[in-house]
Amino acid sequence: MYTSVFIAVISLALFWMAAFTLWWQMHAWRTPEVLASTRFDRPDGEGRLAFSLLLPARHEQAVLEHTIDRLLESSHTDYEIIVIVGHDDPETAVVAERAAARAPARVRVVVDHHETKNKPKALNTALPSCRGDIVGVFDAEDQVHPELLAHVDHAFRSTGADVVQGGVQLINFHSSWYSLRNCLEYFFWFRSRLHLHAEKGFIPLGGNTVFVRTEVLREAGGWDQNCLAEDCDLGVRLSSVGKKVVVAYDSDMVTREETPGSLVSLLKQRTRWNQGFLQVYRKKDWQQLPGRGQRWLARYTLMTPFMQAASGVIIPLNFAVAVLFDVPVGIAIITFLPMITAMVTFVFEIVGLHDFGRQYGLRVRLVHYVKLVVGGPFYQVMLAGAAIRAVWREQRGRNEWELTSHTGAHLTGAAAVEGVSAVPARRGRNTGSGGRGPSTSGPSTCAASASAPSTCAASASAASGSGTSAVPVAIREDGTQ
């Protein structure tokens, strides 16, 4: 009797949790008006704000130069790039110094001398050096659209925002079976769910393509150097004191990134994000949110790792009990309710993958849809494992930063090949050096819990450039580059 009641309660709870998550995930597609409101407005051409763009880089010599060169292509007229390198990372420092020598009016290098390195420490090291009205954060492997700063400038001035969160999109969906789902998580998260969070007044910010008024950031004390999800923490703290956050996602303006290069790397990355969410939850800044609904949303979002870890154990156990043990037929049927939301989620993911391919000009083949469906259960096992690992690490007090390496898998070759479509890049401009231009160019719903790219996970069309010439981006017919 008690076993049947327990199974029924757990199954109903999982069903409603997954249903709520799915509804939130589809926020942007509720009406055409809502979808239109999620995009950047067209800039008026009267850029008035100055930007300080922070670029923390640790052991990123393989991709850093490309990112700096892309930032130097910006059409905005008033910005500086501050590259932060570790004192013990000479390889990355050489790349950064070389870029600063090419564009001394635009690029500066700041050295982080902390013995224990992490991203928030690097950002805080550079914050006193920022001269702009707005501080922007990018990652070392980012492919940034040349018109992004102009759109962000207009968004700040037209909305009165304290923070503008731009879109980020993993792009190399063809690299592996898990990269397909990883890309789709980002698509749903930045395309849809973050807009819901901004609308509700509680938002865990993304780790890059995020812009904050300099005085607001300094007033907040910068980033929490001991938090593994410093981006989420900053968003929660700013939300808690009523700062206005605007989110904009435009497939032409997103910052392109790559998925982790191995499943182990993805597991460690997701572990770090999950553990960071738990740290933010335990700090309790979210309790200062004025609305009960805001606090409920915050608790639900930040507790997702706990729910994922629990669901990773409960769902298989629940299913086994329903199949192997003698329980009433009604209870057995209830145990399959979470599977209904899982099936509905698969349908929306298939539609989302089609939309993702259409927006980015990538041909999605039948094999990709098969990988999406077949890989779903295995991906959820990985996410549950990362959540369990995050809880274990937090309980053991292990807070070391597990760095995600990057190889440039989202970048393109120098020339198009036969059978591929080519998209020309913009010509370089505003290098600030007088020399040559740049040399190179929501989350999947768990069957049991809410998801974020920082926990369960959540498209620029600009191509690569070389020198001042337009170089085509090679995109094969099967979606590979």
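Scope of the values below: all heavy atoms of this structure, side chains included, with no hydrogens, waters or symmetry mates. Being a predicted model, the structure only gives us computed values, none of them experimental.
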Review point. So among Asp285, Thr301, Val236, which one has a side-chain contact (heavy atoms from CB on, under 4.5 Å) with Val280?
Key: Val236
Check your understanding: For Arg270 and Asn182, what are the C-alpha separation, side-chain angles and deciding distance, and is it a side chain to side chain contact (heavy atoms under 4.5 Å, CB included)?
Key -> CA-CA 11 Å; Arg270 204 55 54 90; Asn182 205 186; 3.2 Å; yes
Review point. How about Tyr369 and Val364: do any of their side-chain heavy atoms sit closer than 4.5 Å?
Key: yes
Check your understanding: In Å and rounded to the nearest 0.5 Å, what is the CD to CD distance from Glu65 to Glu60?
Key -> 14.0 Å
Check your understanding: Between Cys232 and Leu302, which heavy-atom pair has the shortest distance, and what is it?
Key -> SG-CD2, 3.8 Å
Review point. If you count the non-hydrogen atoms of other residues, nucleotides and ligands that lie under 6.0 Å from CH2 in Trp16, is the total more than 12?
Key: no
Point to revise | Trace of the side chain to side chain donor-acceptor pair (under 3.5 Å) decision for Arg393 with Gln275 | key: CA-CA 8 Å; Arg393 281 170 54 87; Gln275 189 176 353; 2.9 Å; yes
Practice item. Identify the heavy atoms of Gly385 and Leu267 that sit nearest to each other, and give their distance. Key: C-CD1, 4.1 Å
Review point. After noting the C-alpha distance and the side-chain angles of Phe211 and Leu148, does the key distance pass the side chain to side chain contact (heavy atoms under 4.5 Å, CB included) rule?
Key: CA-CA 11 Å; Phe211 303 85; Leu148 177 63; 4.2 Å; yes
Check your understanding: Any donor and acceptor pair, going by atom type alone, linking the side chain of Gln269 with main-chain N or O of Pro260 inside 3.5 Å?
Key -> no
Check your understanding: Side-chain contact, heavy-atom cut-off 4.5 Å: Ser239 with Leu289?
Key -> yes
**Study point:** Side chain to side chain, Gln143 and His66, heavy atoms closer than 4.5 Å
**Key:** yes
Review point. How far does CG of Leu180 sit from CZ of Phe356, to the nearest 0.5 angstrom?
Key: 8.5 Å
Point to revise | Flag for Thr38-Arg191: side-chain donor and acceptor within less than 3.5 Å | key: yes
Check your understanding: Step by step, would you call Lys244 with Val246 a side chain to side chain contact (heavy atoms under 4.5 Å, CB included)?
Key -> CA-CA 7 Å; Lys244 182 177 181 179; Val246 170; 4.2 Å; yes
Check your understanding: Do any N or O atoms from the side chain of Glu199 and from the backbone of Leu196 form a donor-acceptor pair under 3.5 angstrom?
Key -> no
Study note, to complete from the structure: Paired with Asp139, the salt bridge (Lys or Arg N to Asp or Glu O under 4.0 Å) test is passed by just one of Arg70, Lys119, Arg256, namely Lys119
Review point. Does the side chain of Leu54 come within less than 4.5 Å of Phe138's, by heavy atoms?
Key: no
Practice item. Quick one: pull up NZ in Lys243 and CD1 in Ile203 and give me the separation to the nearest 0.5 Å. Key: 15.5 Å
Practice item. Tell me whether the centres of the aromatic rings in Trp296 and Phe202 are closer together than 6.0 Å. Key: no
Check your understanding: If you measure from OG on Ser74 to NE2 on His145, what distance do you get to the nearest 0.5 Å?
Key -> 10.5 Å
Exercise for review: Check the pair Asp88, Lys117 against salt bridge (charged side-chain N to carboxylate O under 4.0 Å, His left out), reporting the backbone distance first and the verdict last.
Suggested key: CA-CA 10 Å; Asp88 56 350; Lys117 301 289 196 296; 3.7 Å; yes
Review point. Will you find, in the side chains of Asn172 and Thr259, an N or O donor that is under 3.5 Å from an N or O acceptor?
Key: yes
Revision key, fill the gap. All heavy atoms of Phe187 vs all of Asp355, minimum pair found to be CZ-OD2, 3.6 Å
Point to revise | Flag if over 12 foreign heavy atoms under 6.0 Å of NZ, Lys200 | key: no
Check your understanding: Among Thr209, Thr67, Asn208, which one satisfies side chain to side chain donor-acceptor pair (under 3.5 Å) with Thr255?
Key -> Thr209
Check your understanding: Counting distance only, does the side-chain N/O of Gln169 pair as donor-acceptor with the main-chain N or O of Cys183 below 3.5 Å?
Key -> yes
Review point. Considering only heavy atoms from C-beta outward, does the side chain of Ser192 approach that of Met26 to under 4.5 Å?
Key: no
Check your understanding: Would you find a donor on one side and an acceptor on the other, under 3.5 Å apart, between the side chain of His151 and the backbone of Glu147?
Key -> yes
**Study point:** Exercise: identify the closest heavy-atom pair between Gln61 and Asp89
**Key:** OE1-OD1, 4.5 Å
Check your understanding: Does a side-chain heavy-atom distance below 4.5 Å link Asp162 with Val212?
Key -> no
Exercise for review: Can you see which heavy atom on Ala229 is nearest to which on Phe277, and at what distance?
Suggested key: CB-N, 4.1 Å
Exercise for review: Give the C-alpha distance, both sets of side-chain angles, the deciding distance and a yes or no for salt bridge (charged side-chain N to carboxylate O under 4.0 Å, His left out) between Arg58 and Asp112.
Suggested key: CA-CA 10 Å; Arg58 182 160 180 77; Asp112 175 14; over 6 Å; no
Check your understanding: When you check the side-chain N and O atoms of Asn399 and Gln279, is any donor under 3.5 Å from an acceptor?
Key -> yes
Review point. What distance do Leu123 atom CG and Leu217 atom CG have between them, rounded to the nearest 0.5 Å?
Key: 9.0 Å
Review point. Any chance the rings of Tyr281 and Trp286 have centres within less than 6.0 Å?
Key: yes
Review point. In terms of side-chain geometry, is the basic nitrogen of Glu394 or Arg389 positioned less than 4.0 Å from the acidic oxygen of its partner?
Key: no
Review point. Should Asp142 and Leu71 count as side-chain neighbours, where that means a heavy-atom distance under 4.5 Å?
Key: no
**Study point:** Heavy atoms of other groups near Phe20 CZ, more than 12 under 6.0 Å
**Key:** no
Check your understanding: Are side-chain heavy atoms of Trp177 and Tyr379 found at a separation under 4.5 Å?
Key -> yes
Check your understanding: Between Glu400 and Arg398, does at least one N-O distance fall below 4.0 Å, as a salt bridge requires?
Key -> yes
Practice item. With rounding to the nearest 0.5 Å, note down the distance linking OG1 in Thr92 to CD1 in Ile84. Key: 12.5 Å
Exercise for review: State whether the number of non-hydrogen atoms from other residues, nucleotides or ligands found under 6.0 Å of His114 atom NE2 is greater than 12.
Suggested key: yes
Exercise for review: Using modelled atom types only, decide if a donor and an acceptor are shared between the side chain of Tyr178 and the backbone of Leu266 within a distance under 3.5 Å.
Suggested key: no
Review point. Between Tyr249 and His195, does the ring centre distance come in under 6.0 Å?
Key: no
Point to revise | Derivation and outcome, side chain to side chain contact (heavy atoms under 4.5 Å, CB included), residues Arg237 and Lys283 | key: CA-CA 10 Å; Arg237 287 190 285 126; Lys283 287 179 65 176; 4.3 Å; yes
Review point. Is the backbone N or O of Phe173 less than 3.5 Å from a side-chain atom of Ser179, with the two atoms forming a donor-acceptor pair by type?
Key: yes
Check your understanding: Can you name the nearest heavy-atom pair linking Arg181 to Leu372, along with the distance?
Key -> NH2-O, 2.9 Å
